[in-house]
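Labels below follow one simple rule: chain letters A, B, ... track the order of the sequence lines, proteins then strands, and each chain is numbered from 1. Only this structure's heavy atoms are used, side chains among them; waters, hydrogens and symmetry mates stay out. Because the structure is a prediction, the values reported are computed rather than measured.
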Amino acid sequence: MSGFRHTLIGRLARDPLAVMAIVIIAALVVMAVFADLIAPYDYTAMHMTDRFAPPSAEFWLGTDNLGRDTFSRLLQGGRIALTVGLTAVVISGLIGLVLGMIAGFGPRWLDNALLFFFDTLRAYPTIILALALAALMPRGLTTVIVVVVITSFAEYGRVVRTQTLSLKHSEFILAERAMGASFGRIVFHHILPNVLGPFFILAAMNLPVVITIEAGMSFLGVGVPPGTPSWGSTLKDGFDHIRQTPWLILSGGLPLILVTLGFTFLGEALRDQLDPRLRSGR
Amino acid sequence: MPKTAIHRAFPVLNRRQVLAGAAGFSAAAMLPIKAWAQEGRLNIRVYTEPDDFDPVDASGFGEGLLYGAIYRNLIQYEPGDDWSYRLDLAESIEQTSDTTIEFTLKEGQMWSDGYGEITAEDVAFTFERILDPEMNSRILPDVGTLSRVEVTGRYSGVFHFDEAFAPFWWIALPYLAGTIVCKAAIEEAGGRIITEVPPTVSGPYRVRELRPGERWVLERNEDYTGDIPAEYERLDIVYIGDEAAAEIALEAGDLDFTEVSPGSVARLQGNPPAGTAMSMHPSLFYVWVGMNMEHPKFQDIRVRQALQYAINVNAIIEAAWYGVAEPSTGIIAPGLIGNRPESLIPPQGDPQRAAELLAEAGVENLEVTLNVLNDVTFTTAAQVMQATMAQAGIQLNIEVHESGSFWTLGVEADGDRWRDLEMIMNRFSMLPDPSYATAWFVTEQIGDWNWERFSDEEFDRLHREAGTETDAARRDEMYRRAQDIMEESGAYRFITHGVTPNLFYDSTVPGTRPDGLPLAQYFRRA
């Protein structure tokens with residue numbers, strides 16, 4: 001039992017912030033995965049006589065301008081948010097991980113070239129770059145994911161490269177080299193496990209950013225097509241009809257706030273547990 | 001203890017800072033919203049951005065609003081509830097035969113910036129450059145059968161037509177084509193105005209600044225010699241495509257006048273924002289869904305007809321126009337010559353018939369893309385179409401475009417996108433003569449405004465002959481038949497003419513056409 005207390009999960013279980021984060025994230029994941037079972041209505045069904053209905057026993061979060069049940073649409077929106085968020089974070093994380101390690105371990109000229117590439121991409125304001133890319137591609141979920149990947153992998157690359165460079169010159173790696181360890185052993189047994197900590201923290205912190213980019217693109221009309229129940233589209237509907245009902249904008253904003261808080265708290269908790277300097281400071 | 005997200009999100013404020021902040025917010029919220037018009041400045045919203053100073057390149061109402069403020073015509077639309085016109089540059093103008101109109105200019109009417117007096121040479125130059133094939137003017141259809149303009153004196157001239165063309169009085173003289181330009185300035189500019197600010201103007205306002213995508217800033221033209229002097233020191237034509245955003249801008253005091261969305265009518269009539277008034281006008285606009293007849297998916301007429309039947313116009317109007325508009329029967333609004341009493345396909349459509357037509361055509365799992373403007377009314381209408389067409393087994397994808405992108409979709413000169421264009425939900429502005437509606441669907445307009453690439457010899461002939469027909473009953477019959485042909489082609493599903501609800505501060509007396517569109521030069525302080 002005392003062994004469990006010292007594992008990462010055990011330590012997270014004792015951190016109230018981490019517990020709150022995990023409860024929020026778990027609730028969102030369950031609602032997104034089982035959306036079809038939980039939703040009281042088909043998210044496309046229009047009830048024209050109940051347009052802009054306030055929250056009630058019949059429509060828990062009210063209805064939108066076409067009389068569609070907002071709660072059912074938010075559940076579907078969660079599915080879109082998690083699909084975009086997880087897919088984009090995994091793809092951009094992997095690209096960033098590979099390129100970052102190549103930059104950290106590669107020759108100086110390659111490091112400089114990749115660094116220049118990362119910094120160039122990061123220099124563009126994310127939403128402006130996203131809008132420019134979206135304008136060049138057909139509209140849809142795949143485009144949103146591609147745009148998010150392009151706008152975010154450089155950050156992973158930058159962090160992983162810095163970690164790799166720092167580890168490359170550490171004493172234990174030099175010792176490994178002196179003992180004749182292979183390149184693969186150094187990378188996969190020593191560098192990678194030490195890079196993964198900061199990498200996961202960044203991924204957790206990035207997930208809500210990615211979801212917000214998707215919502216922002218949909219809000220601006222360059223994300224998913226109209227009718228698709230993304231949280232950003234719900235916010236846009238709320239903005240368009242804010243004079244008719246305040247509930248839409250509240251309903252569209254609430255899950256974004258929750259998901260941002262959830263993943264940010266998780267990232268914070270992970271950082272507190274994985275960063276040895278912070279742990280020793282406790 | 002390390003700082004958490006909560007600590008960073010909520011920096012420590014003391015009680016005094018919180019109270020001071022709250023007091024500041026409360027005081028700000030109590031300040032009255034300021035209408036700019038009270039301070040000698042007027043902000044009018046336009047739904048489509050004017051993008052050319054040169055009338056020969058004009059493309060729509062955005063330019064119409066701008067030109068009314070900075071240029072002059074021989075005659076101008078009179079603001080009010082009935083369509084009429086008043087003399088502007090013309091001292092007199094009269095139809096002297098079926099094929100001639102004689103005019104005499106007022107003397108002493110000046111161009112700004114030292115370009116001298118406005119003469120009959122300028123009038124002739126204006127129309128002849130529209131007629132010049134090398135200018136490739138998009139408003140050529142407006143001048144119909146005009147063949148030339150004869151200058152008979154410094155202030156007088158004669159319009160000569162190949163055949164009678166009655167619409168000239170309503171669609172050319174007081175609007176885009178009739179906007180008189182300065183011959184000397186344009187020749188000096190090399191034949192076309194391409195500068196950011198026109199070298200000379202003649203209207204009550206002049207251009208101070210152009211902010212693309214945002215606004216055109218106009219100021220009083222001190223050289224103006226007409227009889228409708230500028231009321232305001234500064235007049236901004238503000239481009240806001242989305243009606244909901246425009247409503248918010250007006251309620252925030254950033255606009256003095258805007259058209260609002262049909263969905264807001266009930267709320268604004270019941271509870272208008274402080275200091276505002278609302279007016280409702282019958283609209284001449286026509287909204288329709290078109291199909292590109294040359295696209296491989298739409299070459300079989302049964303597929304086009306299936307789509308016509310799959311669209312429930314009543315449901316669209318109820319959802320997107322909140323029931324304040326009526327289904328249209330064509331492109332010509334009620335009250336005008338040529339308005340049809342009913343369409344060939346009932347407004348509620350027939351999903352069953354649509355499915356049968358698709359089966360006859362051997363088409364299964366039809367998937368089509370509808371292009372719409374990024375506007376809440378159109379995107380709502382598109383979503384209703386998506387739902388009702390699904391009942392006929394048709395999957396409708398919706399592609400939303402910003403104004404700049406949308407208005408070039410079917411234009412051959414602007415790229416190759418017209419080749420992939422499938423369906424479009426479109427809205428054209430209209431003037432009080434039916435020929436202004438049919439003009440955009442003739443064969444010569446393919447690749448310009450005729451995005452359906454619809455071509456029919458009988459339609460072309462009817463448009464041509466109705467323009468020269470002087471018997472009203474005969475004209476009426478011809479335009480009705482022309483719309484029958486459009487609908488029979490399967491390429492068009494007519495939706496509505498809509499309504500024009502305007503919201504404005506009561507510090508302003510708007511000058512509007514009978515269809516509710518603003519005439520900027522006529523706005524006055526209350």
Side-chain angles (χ1 to χ4, degrees), chain A residues 15-18 20-21 42 44-49 51-52 64-68 131 135 138-140 205 208 218 220-229 233 236-245 257 260-269 271-273 275 277-282, chain B residues 1-9 241-245 247-248 251 260-261 263-268 270-273 314-320 322-323 369-388 390 395-402 404-405 420:
Chain A
D15 183 344
L17 202 62
M20 198 193 305
D42 174 356
T44 61
M46 298 177 184
H47 309 91
M48 295 303 284
T49 53
R51 304 166 82 182
F52 302 122
D64 67 7
N65 58 315
L66 291 172
R68 296 173 298 198
L131 289 175
R139 200 168 160 171
M205 304 284 253
S218 297
L220 293 171
V222 294
V224 294
T228 311
S233 307
K236 173 78 166 81
D237 288 343
F239 169 76
D240 286 339
H241 302 99
I242 195 164
R243 299 296 196 271
Q244 280 95 344
T245 177
I257 293 169
T260 304
L261 283 178
F263 282 102
T264 306
F265 288 169
L266 180 67
E268 289 279 350
R271 196 200 55 172
D272 290 350
Q273 300 304 330
D275 188 329
R277 283 162 298 187
L278 288 174
R279 282 176 61 196
S280 61
R282 280 174 174 253
Chain B
M1 187 176 132
K3 280 199 167 184
T4 65
I6 289 177
H7 289 95
R8 278 195 291 277
D242 186 74
E243 286 161 349
E247 281 168 45
I248 292 168
E251 291 186 37
V260 296
S261 65
S264 299
V265 169
R267 177 183 64 82
L268 292 169
N271 184 25
N314 289 341
I316 291 172
I317 293 197
E318 181 56 36
Y322 291 79
T369 300
L370 175 72
N371 295 274
V372 296
L373 261 172
N374 190 8
D375 170 280
V376 62
T377 303
F378 288 103
T379 52
T380 303
Q383 289 177 65
V384 176
M385 279 178 61
Q386 193 175 46
T388 56
Q395 185 185 327
L396 182 73
N397 302 317
I398 304 167
E399 194 78 46
V400 181
H401 302 264
E402 288 305 319
S405 164
D420 299 321

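- Heavy-atom minimum distance, B/Thr379 versus A/Pro226: CG2-CG, 4.3 Å.
- Within the 4.5 Å cutoff, the side chain of B/Gln383 has no heavy atoms near those of the A/Thr44 side chain.
- Considering OG1 of A/Thr228 and CD1 of B/Ile398, their distance stands at 8.0 Å, rounded to 0.5 Å.
- If you measure heavy-atom distances from B/Val372 to chain A, you find no contacts under 4.5 Å at all.
- Of the two parts of B/Ser405, neither the backbone nor the side chain holds a non-hydrogen atom closer than 4.5 Å to a non-hydrogen atom of chain A.
- Residue A/Lys236 holds its NZ atom at 5.5 Å from CG of B/Asn374, rounded to the nearest 0.5 Å.
- Proximity to chain A involves both the backbone and the side chain of B/Ala319, based on heavy atoms less than 4.5 angstrom apart.
- Without hydrogens or angle criteria, A/Gln244 side chain to B/Gly263 main chain gives a donor-acceptor distance under 3.5 Å.
- A distance of 8.0 Å separates CG of A/Asp240 from CD1 of B/Ile248, quoted to the nearest 0.5 Å.
- Contacts of B/Asn397 with chain A are absent, with no heavy-atom separation under 4.5 Å from either backbone or side chain.
- Among all heavy-atom pairs drawn from B/Glu402 and A/Leu220, the shortest one is OE2-O, 4.3 Å.
- Note: A/His241 and B/Tyr322 have tilted aromatic rings, judged against thresholds of 30 and 60 degrees for the angle between ring planes.
- B/Leu268 does not touch chain A: none of its heavy atoms, backbone or side chain, sits under 4.5 Å away.
- Interface summary for chain B: among A/Pro225, A/Gly267, A/Gly227, the most heavy-atom pairs under 4.5 angstrom belong to A/Gly227.
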